[in-house]
Asks: 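Have a look at this one.
For clarity, every value in this text was computed on a predicted model and none was experimentally measured.
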2 protein chains.
Amino acid sequence: MITIEEAEIRSGIIKAMSHPVRLMVIEYLKDGSRTFSEIFGLFGFDKSTISKHLLVLKEAGIVSSKKNGSDMIYTLEVPCVTDFFGCVTAVIENNVRRQQVCLCKR
Amino acid sequence: MITIEEAEIRSGIIKAMSHPVRLMVIEYLKDGSRTFSEIFGLFGFDKSTISKHLLVLKEAGIVSSKKNGSDMIYTLEVPCVTDFFGCVTAVIENNVRRQQVCLCKR
DNA sequence: TGGTATATTGGTAAAAATACCAACAAGCCA
DNA sequence: TGGCTTGTTGGTATTTTTACCAATATACCA
């Protein structure tokens with residue numbers, strides 16, 4: 001078994017992925033680095049909101065950023081995080097199979 | 001790209017995994033089903049707290065439960081979720097490599 | 001039946017997450 | 001330099017999450 005301390009570290013990283021905007025950013029960066037503006041353009045939220053979501057991903061070590069002129073470039077640090085999405089899909093499909101509507105996010 | 005609706009569904013499932021107690025429960029159930037009492041015994045929290053964490057996992061479709069006498073048996077529905085832990089470890093190791101302390105969960 | 005063990009539900013207080021607006025900082029170029 | 005673009009930070013209101021206690025429900029057994 002893992003310790004509670006180890007679980008806290010792991011859950012911090014998972015929590016960083018557990019928001020729709022942050023999940024979409026991860027998906028988007030899977031195919032290559034993007035500027036803040038490109039990422040911002042995907043959503044209808046305020047700039048500051050997107051900037052703070054990116055900070056959460058950065059602090060978790062999931063993305064990194066570097067300045068390029070007046071742009072800020074965001075890069076996915078650990079592409080394997082997207083491997084997980086297949087399993088999330090399996091959970092969703094299993095829920096459908098069991099006639100169980102997922103109650104999350106309602 | 002995935003849609004925001006799809007991202008909301010996925011993030012709901014990931015959010016269900018993003019708590020240390022729920023993560024430890026998933027790890028614990030990886031080796032087989034367990035009773036509520038066995039799970040409860042791992043932690044120092046109130047029964048009701050653990051019961052509610054298990055409800056979150058159940059509503060996400062990650063675990064299922066069935067009554068057996070006076071016990072409640074919890075089962076991991078989609079074992080592939082634990083595959084993800086390897087990648088979480090990769091994130092942690094990458095953070096260490098980059099001399100970056102993970103700021104999450106402090 | 002009455003008592004005990006097992007687990008869930010209701011209610012609530014405290015903490016954390018989220019999104020907005022405003023203000024600021026840094027780079028670019030006319 | 002002055003103004004424009006790009007992105008972050010500060011502050012705040014709202015919502016969500018979390019953990020506890022108390023009460024309830026269900027099964028078992030004497």
Asks: Given the rule in the salt bridge (charged side-chain N to carboxylate O under 4.0 Å, His left out) test, do A:Glu93 and A:Arg97 qualify, once you have shown the distances and angles that lead to the verdict?
Replies: CA-CA 6 Å; A:Glu93 283 169 358; A:Arg97 200 159 39 242; 5.2 Å; no
Asks: On a heavy-atom basis, which atom in A:Ile2 and which in A:Ala7 lie closest, and how many Å separate them?
Replies: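 Closest approach of A:Ile2 to A:Ala7, heavy atoms only: CD1-CB, 3.9 Å.
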Asks: What is the distance, to the nearest angstrom, from the CG atom on A:Leu54 to the C1' atom on C:dA19?
Replies: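 In whole Å, C:dA19 C1' lies 15 Å from A:Leu54 CG.
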Asks: Counting side-chain heavy atoms from C-beta on, which of D:dG7, C:dT6, C:dA19 comes nearest to A:Asp71?
Replies: D:dG7
Asks: Show me, pair by pair, the donor-acceptor contacts under 3.5 angstrom made by side chains of residues 22-31 of chain A, not counting sequence neighbours?
Replies:
{"residue": "A:Arg22", "atom": "NE", "partner": "A:Ala16", "partner atom": "O", "Å": "2.7"}
{"residue": "A:Arg22", "atom": "NH1", "partner": "A:His53", "partner atom": "ND1", "Å": "3.1"}
{"residue": "A:Arg22", "atom": "NH2", "partner": "A:Lys15", "partner atom": "O", "Å": "3.2"}

Asks: Round to the nearest Å and state the distance from B:Ile73 atom CD1 to C:dT8 atom P.
Replies: 12 Å
Asks: Give me the atom names and distance for the closest heavy-atom approach of A:Ser18 to B:Ser18.
Replies: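 So the two residues come closest at OG-OG, 4.1 Å.
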Asks: If a protein heavy atom is under 4.0 Å from the base, mark B; if only from the sugar-phosphate, S; if neither, -; do that for nucleotides 24-30 of chain C going 5' to 3'.
Replies: ---SS--
Asks: Please work out which of the three classes, parallel, tilted or perpendicular, describes the rings of A:Phe36 and A:Phe40, given edges at 30° and 60°.
Replies: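 The arrangement is parallel - the two ring planes meet at less than 30°.
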Asks: Can you measure B:Leu57 atom CG to D:dT18 atom P for me and round it to whole angstrom units?
Replies: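 Spelled out: CG on B:Leu57 to P on D:dT18 is 11 Å.
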Asks: Could you list the residues that satisfy side chain to side chain donor-acceptor pair (under 3.5 Å) with A:His19, not counting sequence neighbours?
Replies: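 Partners of A:His19 under the side chain to side chain donor-acceptor pair (under 3.5 Å) test: none.
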Asks: Please give me every residue in residues 40-52 of chain A whose heavy atoms get under 4.0 Å of an atom in DNA chain C, ordered by residue number.
Replies: A:Phe45, A:Asp46, A:Ser48, A:Thr49, A:Lys52
Asks: When you check the phosphate oxygens OP1 and OP2 of C:dT8, does a side-chain N or O of B:His53 lie under 4.0 Å from one of them?
Replies: no
Asks: Atom CZ of B:Arg34 and atom C1' of C:dT6: how far apart are they, to the nearest Å?
Replies: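 To the nearest whole Å, that distance equals 18 Å.
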Asks: What is the distance, to the nearest angstrom, from the CD1 atom on A:Ile39 to the C1' atom on D:dT6?
Replies: 13 Å
Asks: Compile the donor-acceptor pairs under 3.5 Å between side chains in residues 79-89 of chain B and protein atoms, sequence neighbours left out, one pair per line.
Replies:
{"residue": "B:Thr82", "atom": "OG1", "partner": "B:Pro79", "partner atom": "O", "Å": "2.9"}
{"residue": "B:Thr89", "atom": "OG1", "partner": "B:Phe85", "partner atom": "O", "Å": "2.9"}

Asks: The side chain of A:Met72 is closest to which nucleotide in this list: D:dT17, C:dT9, D:dT8?
Replies: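 Among D:dT17, C:dT9, D:dT8, the one nearest the side chain of A:Met72 is D:dT8.
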Asks: Can you tell me how far P of D:dT8 sits from CD of A:Glu59, to the nearest Å?
Replies: 12 Å
Asks: Are side-chain heavy atoms of A:Ile92 and B:Glu6 found at a separation under 4.5 Å?
Replies: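 Yes, at least one pair of side-chain atoms sits under 4.5 Å.
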Asks: At under 4.0 Å, does any side-chain N or O of A:His19 touch on OP1 or OP2 of D:dT15?
Replies: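 Negative; the distance criterion is not met.
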Asks: Which whole-number value in Å describes the distance from B:Glu38 CD to C:dT6 C1'?
Replies: 13 Å
Asks: Please tabulate, one pair per line, all N/O donor-acceptor pairs under 3.5 Å involving side-chain atoms of residues 63-76 of chain B, not counting sequence neighbours.
Replies:
{"residue": "B:Ser64", "atom": "OG", "partner": "B:Glu77", "partner atom": "OE2", "Å": "3.0"}
{"residue": "B:Ser65", "atom": "OG", "partner": "B:Lys58", "partner atom": "NZ", "Å": "3.0"}
{"residue": "B:Thr75", "atom": "OG1", "partner": "B:Ser33", "partner atom": "OG", "Å": "2.7"}

Asks: Please determine whether a side-chain nitrogen or oxygen atom of A:Tyr74 lies at a distance below 4.0 Å from atom OP1 or OP2 of D:dT6.
Replies: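 Indeed not, no polar side-chain atom of A:Tyr74 lies that close.
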